[in-house]
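As the structure is a computational prediction, the values presented were derived from the model and not from experiment.
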Amino acid sequence: MADPARQAMNEGAPKRGAGIGGLVGADLPARVGAAVVLMALALGSAWAGGYWFTAFWLIAAIIVDWEWQNLIGGPNRDLRGAFGAVGLFIAAPLATNDAVFWAIVALLAGAIGASLTSGSKPRFRLLPAAGVLYAGAMLISVCLLRASSSDGLPAILWLFAVVWGADVMAYFGGRLIGGPKLWPRISPGKTWAGFGVGVVCGALAGLLAAGAASSSVLLFVFGLATAAVSQGGDLFESFLKRRFGVKDSSHLIPGHGGLMDRLDGFIAAAVFAALVGAARHGIVDIAAGIFEW
């Protein structure tokens, strides 16, 4: 018997070398509408900064963890989600105020609570905890980037540009060019051509968004690496969904599935950018580690 999840995903895969006519899928209007709303909210929160930004990404992180807990299945999903939500709620303001150690402690406490209440075999208990840490890593990363003592807003706008540019152009580049699949067993719709187009366009979009903050060749190279990581984050979630036999993390967003489906690449890119920035310029001024080369 055919795998229903795989069959559903294959139906949405672009044809090889689909050309101009293959650029527009049946779900494109819904995808565009939902994307515009999400982008407006994300940009608005970034511009507002402070606790408006923290609150926006806290809600996003709680939803991501909830979707993760439902995706992996198992007992006590609501209780696991509640432990995760408490950990994230405590970690968010701590990360915004550079109390990274205590933010991590709060996340670990939430992850342990989710694990201990999973009510299942020890081998499964790591998965609920991983969901809390996955959502929390994104939350801490974006809060630290936005709260940087210099270039906090440009850093977030750069990150948005890299991830959105890579995501959009990988979609259209793959449909227009076609060619060999990137990883057909995991994500049958993705091609090497789409990956390449997306990574280059994402890096260019980041360079344009950086503007006066930086325009160096090294920032472009870092943008290439960040865009590639974002595509890897997309593949990771595709692998996870294949592993548990689901098509979407939820049905929260029309035409897009769940929030986790939209943020998979962003989560990976945000954590990567934050780690590099912290390694180069420390926790207090992570954004400088992105722009000063």
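By the 6.0 Å contact criterion, CZ on Phe239 is open, its count of non-hydrogen atoms from other residues, nucleotides or ligands being 12 or less.
The pair Asp65-Arg80 fails the salt-bridge criterion, with no side-chain N (NZ, NE, NH1 or NH2) lying under 4.0 Å from an Asp/Glu carboxylate O.
Panel note: side chain Asn70, backbone Trp66; a donor-acceptor pair is recorded below 3.5 Å. Ser148 places no side-chain N or O within 3.5 Å of a backbone atom of Ser150 that could act as its donor or acceptor partner. Side chain of Arg146 to main chain of Ala46: a donor-acceptor pair is present (N/O by atom type, distance under 3.5 Å, no hydrogens or angles).
Linking ILVMFWY side-chain heavy atoms closer than 4.5 Å, directly or via other members, places Ile59 and Leu139 in a single hydrophobic cluster. Clustering ILVMFWY residues whenever any of their side-chain heavy atoms sit less than 4.5 angstrom apart, transitively, puts Ile112 in a cluster other than the one holding Tyr134. Using a 4.5 Å cut-off between side-chain heavy atoms of Ile, Leu, Val, Met, Phe, Trp and Tyr, with links allowed through other members, Val163 and Leu41 fall into the same hydrophobic cluster.
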Thr191 vs Arg175, side chain to side chain contact (heavy atoms under 4.5 Å, CB included): CA-CA, chis, key distance, verdict: CA-CA 9 Å; Thr191 65; Arg175 284 181 173 266; over 6 Å; no
Side chain to side chain contact (heavy atoms under 4.5 Å, CB included) between Leu133 and Trp68, worked out: CA-CA 11 Å; Leu133 298 178; Trp68 178 293; over 6 Å; no
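A donor atom on one side chain and an acceptor atom on the other are not found under 3.5 Å apart for Thr117 and Asn76.
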Show me the donor-acceptor pairs, under 3.5 Å and distance only, between side chains in residues 268-280 and residues at least two apart or in other chains.
unit_1: Arg280; atom_1: NH1; unit_2: Gly289; atom_2: O; d: 2.7
unit_1: Arg280; atom_1: NH1; unit_2: Glu292; atom_2: O; d: 2.8
unit_1: Arg280; atom_1: NH2; unit_2: Glu292; atom_2: O; d: 3.0

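Between Phe266 and Trp57, the distance from one ring center to the other falls under 6.0 angstrom.
Closest heavy-atom contact between Val200 and Leu224: CA-CD2, 3.9 Å.
Thr54 is linked by a side chain to side chain donor-acceptor pair (under 3.5 Å) to Thr96, counting only residues two or more places apart in sequence or in another chain. Residues passing the salt bridge (charged side-chain N to carboxylate O under 4.0 Å, His left out) test with Asp264: none are found, sequence neighbours excluded.
Below 30°, between 30° and 60°, or above 60°: for Phe222 and Trp158 the angle between ring planes is below 30°, a parallel geometry.
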